[in-house]
Amino acid sequence: MLQIQVLRDQKERVILGLKKKHFQDAEVIVDKLVALDDDRKSIQRNLNDIQADSNKLAAEIGQLIKNGLKEEAEVVKQKVATLKIELKNLEDALKQKEVELETLLITLPNLPHESVPVGKTPEENEVYKMSNIAIPDLGENPLPHWDLAKKYNIFDLELGVKITGAGFPLYRGKGAKLQRALINFFLDEAHAAGYEEIIPPLMVNEDSARGTGNLPDKEAQMYHVTKDDLYLIPTAEVPITNIFRGDILDEKVLPIKMTGYTPCFRREAGSYGAHVRGLNRVHQFDKIEIVQFAHPKDSYDIQLKMLEHVEGILIKLGLPYRILRLCGGDMSFSSALTFDFEVFSAAQKRWLEVSSVSNFESFQSNRMQTKFRDENKKVQLIHTLNGSALALARIVASIIENYQCEEGIKIPEVLQKYTGFDILN
RNA sequence: GGAGAGAUGGCAGAGCGGUUUAAUGCGGCGGUCUUGAAAACCGUUGUACCGAAAGGUACCCGGGGUUCGAAUCCCUGUCUCUCCGCCA
């Protein structure tokens, strides 16, 4: 959520930013918000004054009663009674105004960083970097990963359908082992980069979902356990980022770096077609997430370091990748700057998104009220960042496609100590 | 799931209708003393909002209520602890 003060102080910048994100009627809504805030202030001023009067009179009554002046006290009580009616009205008006303000403010997306390219669709994303890893030559008829899965019994989507439903893959045998190898490899990489490992809850309450912006914006994306009013996490970002919800941190502890492996659950309502085939888009997948809580002055440097971290993993896995800087129209609601990593899945001949590294600046921390005390002892909002390092299902898809050969599927060297085998067949 | 107890400032812990703008201790910060440090002593130490400032208002788990006045009384929700039951 944006801060109302920013709308007041930097109106032009806000409107331009909203437009870059293709937010409709930016001027009108910003004006309306400022007007609502003006109303709020004036009501509050009024309310505070009357409360002050009322408090004084109450103290007076206390004194009068203490001194045995009962009749005089009664007179003052009458005065307070009229104030009380007014107070009640003002309190209601204030609350209503605050709700109105927040309901509208929460609909505003984060402002894009100045480096965000103008554009509306994924085609307008900027290719920030292309890897120099060669796309493998797979010969005549390379198999897509769903066919390889059948051939080598790596995972089974039909069984997933039987047990649960579409989009819940079941990994087996060496496929399951490969999955586990990747999880351990990614966690070890994150640990080596200084991230503390977290095993968070896989369900979160409403406050947490709201804190990271998954509610109300992306409610349809999450599985909701209505009986207990909990949400299955769509990413470890949600529980991990919420660790510091409502806290004021010491500047000295920044940046805080955390990583976590979790399964991720996404409803992906309305998805269909060839591009969601196999592991390309599923309802449950494994992901290792890296999260940082940063001083505002450092957050963009930190984002670049996170990019390097993800890049390093892809290089070790030998997967051809490219990094995109997302345009205003393709970025997520809460992000100020997002880089996507895509790997080339050589049999499908498609780029698959396997990581998204975002800087949210203070957009999440404003909702979560996560702050830090700066060198002048002033309290200010922290910056939050996160990225996938990495998302499993699609990495598996591209590994098995890109490493297929006559004898089976070669295992990238860095993974062999985790899998315990060098070929999957 | 059953029974009981509880939720107060960074922590510990008092307060149970009117100098509480929350005692006291610990911790933090600043200072005195000291070559330096420790100890001792003195001061200071929450957040949000309104206000140019002075200052004001709100917040003692959340929500509602009683009262001129609520941390304190009532209702309700949530959570925690203890005991019992069940259980990986």
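Below, all heavy atoms of this structure are taken into account, side chains as well, without hydrogens, waters or symmetry copies. Within every chain, numbering begins at 1; the chains are lettered A, B, ... in the order of the sequence lines, protein sequences first and strands thereafter.
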Under-4.0 Å side-chain N/O to phosphate OP1/OP2 contact, R45(A) with G56(B): no
Below 4.0 Å: OP1/OP2 of G51(B) and any side-chain N or O of K41(A): yes
For [X] and [Y], indicate whether the former's side chain and the latter's backbone hold a donor-acceptor pair under 3.5 Å.
X       : Y       : answer
T259(A) : E289(A) : yes
N125(A) : P122(A) : yes
H224(A) : Y231(A) : no
N359(A) : L337(A) : no

Residue pairs passing the side-chain hydrogen bond (donor to acceptor under 3.5 Å, both in side chains) test where at least one lies in residues 102-120 of chain A, sequence neighbours excluded: H113(A)-S115(A), S115(A)-R325(A)
So [X], base contact, sugar-phosphate only, or nothing? Heavy-atom distance under 4.0 Å.
X      : answer
Q44(A) : base
N55(A) : sugar-phosphate
I61(A) : base
K88(A) : sugar-phosphate
K95(A) : sugar-phosphate

Inter-residue atom distance I409(A).CD1 - L143(A).CG, 0.5 Å rounding: 9.0 Å
Pairs under 3.5 angstrom, nitrogen or oxygen only, protein versus nucleotides 69-73 of chain B, please.
none

Look for any protein N or O under 3.5 Å of an N or O in nucleotides 42-48 of chain B and output each such pair with its distance, or none.
unit_1, atom_1, unit_2, atom_2, d
U47(B), OP1, R373(A), NH1, 2.6
A48(B), OP1, K371(A), NZ, 3.4

[N] [atom2] sits how many Å from [X] [atom1], rounded?
X      : N      : atom1 : atom2 : result
L47(A) : G51(B) : CG    : P     : 13 Å
E98(A) : A58(B) : CD    : P     : 14 Å
K56(A) : U19(B) : NZ    : C1'   : 16 Å
R40(A) : U57(B) : CZ    : P     : 18 Å

Intra- and inter-strand pairs of RNA chain B in dot-bracket (Watson-Crick or G-U wobble, both distances under 3.5 Å; | for another strand): ((((((((.[[[..)..(.....]]]((((((.......))))))(((((....))))).[[[[[..)....]]]]])))))))....
Partners meeting ring pair (Phe, Tyr, Trp, His ring centres under 6.0 Å) with F293(A) (sequence neighbours left out): F244(A)
Side chain to side chain contact (heavy atoms under 4.5 Å, CB included) against S54(A), all qualifying residues, sequence neighbours excluded: V80(A), L83(A), L87(A)
Check ion pair K95(A)-E98(A) (N to O, under 4.0 angstrom): no
Cation over ring face, K174(A) and F421(A), 6.0 Å, 45°: yes
Criterion salt bridge (charged side-chain N to carboxylate O under 4.0 Å, His left out) on E308(A) and K305(A), from CA distance to verdict: CA-CA 5 Å; E308(A) 284 170 25; K305(A) 285 196 190 125; over 6 Å; no
